[in-house]
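Letters go in sequence order (proteins before strands), and every chain restarts at 1. What you are looking at is a predicted structure, and each value in this text was computed from that prediction instead of being measured.
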Amino acid sequence: MCLAIPGKVVEATDLGFTRIAKVQFGGVTRQVSLDFVPETQIGDYVLVHVGFAISRLSPEEAERTYELLRQIQEADEIAPEEPL
Amino acid sequence: MKYLDEYRDADITHALAARIRARATKPWVLMEICGGQTHTLMRYGLPDLLPPEIELVHGPGCPVCVAPLEFVDRAIEIASRPGVIFVSYGDMLRVPGSRQDLFRVRAAGGDVRIAYSPLEAVKLAQEYPTRQVVFFGIGFETTAPANAMAVWHAKRLGLTNFSMLVSHVLVPPAVRLLLGSPANRVQGFIAPGHVCTVMAHREYEALSAEFHVPIVVGGFEPVDLLEAIAMLVDQLEDGRAQLENQYSRSVTRDGNVAAQKLMEEVFEITDRKWRGIGMIPASGHRLREEYAAYDAERIFGAQEIHVEEPAECISALVLQGLKKPVDCTAFGTRCTPEQPLGAPMVSSEGACAAYYAYRRHTASEAAQ
């Protein structure tokens, strides 16, 4: 139920009472409401739940945590393999 | 796909698992609250990468599973009425009521439709002005703003043939109940990342401080979950108990303020009964008085129905993390996704369905 999928905003239209976007998920494009993330720009990635974008994904935060994860991976490759 | 592939990376997943194995020295019981997280864990076989010290128990975060039997019966009763178009998220259709499910209502000629978004139900109400369109509004804080928006649009459009059967539940009161229970074994929690995307993590910060328990807000991909588990194990081994946010690419300090505002405009907090758990004070939503014209319970008349759960189903204990699905005598035999006894076997987020889809063979091997 709480499933939310990341997608890329490729088009946005302002209808006055609501703002609608076309969001690309891999090869599929769907219409999504931007009412809960009004600051969203074309090119942003949003998390979409039941037809609504619920957050704008932060590239800085994603990069920061991903860098940490890469360090963990590198440390693991250097460390001697532990027996399973 | 960006923001998905990198969080499914096998090398990083294994590196995180190695870090957890190296760090864990004592047995720790962890709970992932959200059923979506349970499914990722099972689908990717993540428990098999963890050391024997780490036990994962599965939480009540499956709105379909905790929707009370009375509500399912109520939905079935409304859906069976002539002239009604009953619209629901797909998961809800096979959930057994006390006598039948929504699929059987449809087979018997009822107009029951599946929607991806609650706005589809609003559109149906516009297209069929002579029919009553009823939307089954279930979900946690992630879904409540979308459902609120559907009601808000119905009011904006002046629709008189749209209503919602609201059965929303809130996560923090259920976590509080688990933590306060003498039977609680859980020592660390993975908080639901999408609920926190909407609500921020203040409520979990308070729970962490009050019960002195580590809580990490976690995402839904394998790397997210193993990182959250690693963060919990670090806290437990260090003797710390605080709130940390693993899912910072989506969860911000204030959450989604626009979504919170609309939810508060349309809904108010109420006591809710949780299937298998019972009444939890201030644990759900109902429509505010100003939106009473869209309340299916008022339109179709409230009914007190008392029904009993099937005796063999242990979903109450599964939902509280006290039993595993494979501990149930009916698991995989008298209870399957095709013929479920309880909701956790139906929902794509139910723990029983996750074990059935991904672990029933290993579970039966272990039993032999």
For B:R94, salt bridge (charged side-chain N to carboxylate O under 4.0 Å, His left out) partners two or more places apart: none
Nearest-0.5 Å distance, CG of residue B:L4 to CD1 of residue A:I5: 7.0 Å
Most chain A-contacting option - heavy-atom pairs closer than 4.5 Å, from B:A146, B:P63, B:G35, B:A230: B:A146
Residue B:D11 versus chain A: region with a heavy atom under 4.5 Å: both
Side-chain donor-acceptor pair present, A:S55, B:S250, cut-off under 3.5 Å: yes
Contact check, side chains of B:L262 and A:F36, non-hydrogen atoms, under 4.5 Å: yes
Pairs touching residues 7-31 of chain A that satisfy side-chain hydrogen bond (donor to acceptor under 3.5 Å, both in side chains), sequence neighbours left out: A:T18-A:D35
Residues of residues 56-63 of chain A contacting chain B, heavy-atom criterion under 4.5 Å, by residue number: A:R56, A:L57, A:S58, A:P59, A:E61, A:A62
Region of B:V195 in contact with chain A, defined by heavy-atom distances below 4.5 Å: side chain
Under 4.5 Å from a heavy atom of chain A, the part of B:E6 involved: both
Contact class of B:K261 relative to chain A, heavy atoms under 4.5 angstrom: neither
Atom of A:A4, atom of B:H194 and distance for their closest heavy-atom approach: CB-CE1, 3.5 Å
Under 4.5 Å from any heavy atom of chain A - which part of B:V257: neither
Members of residues 45-54 of chain A whose heavy atoms come closer than 4.5 Å to chain B: A:Y45, A:L47, A:V48, A:H49, A:V50, A:G51, A:F52, A:I54
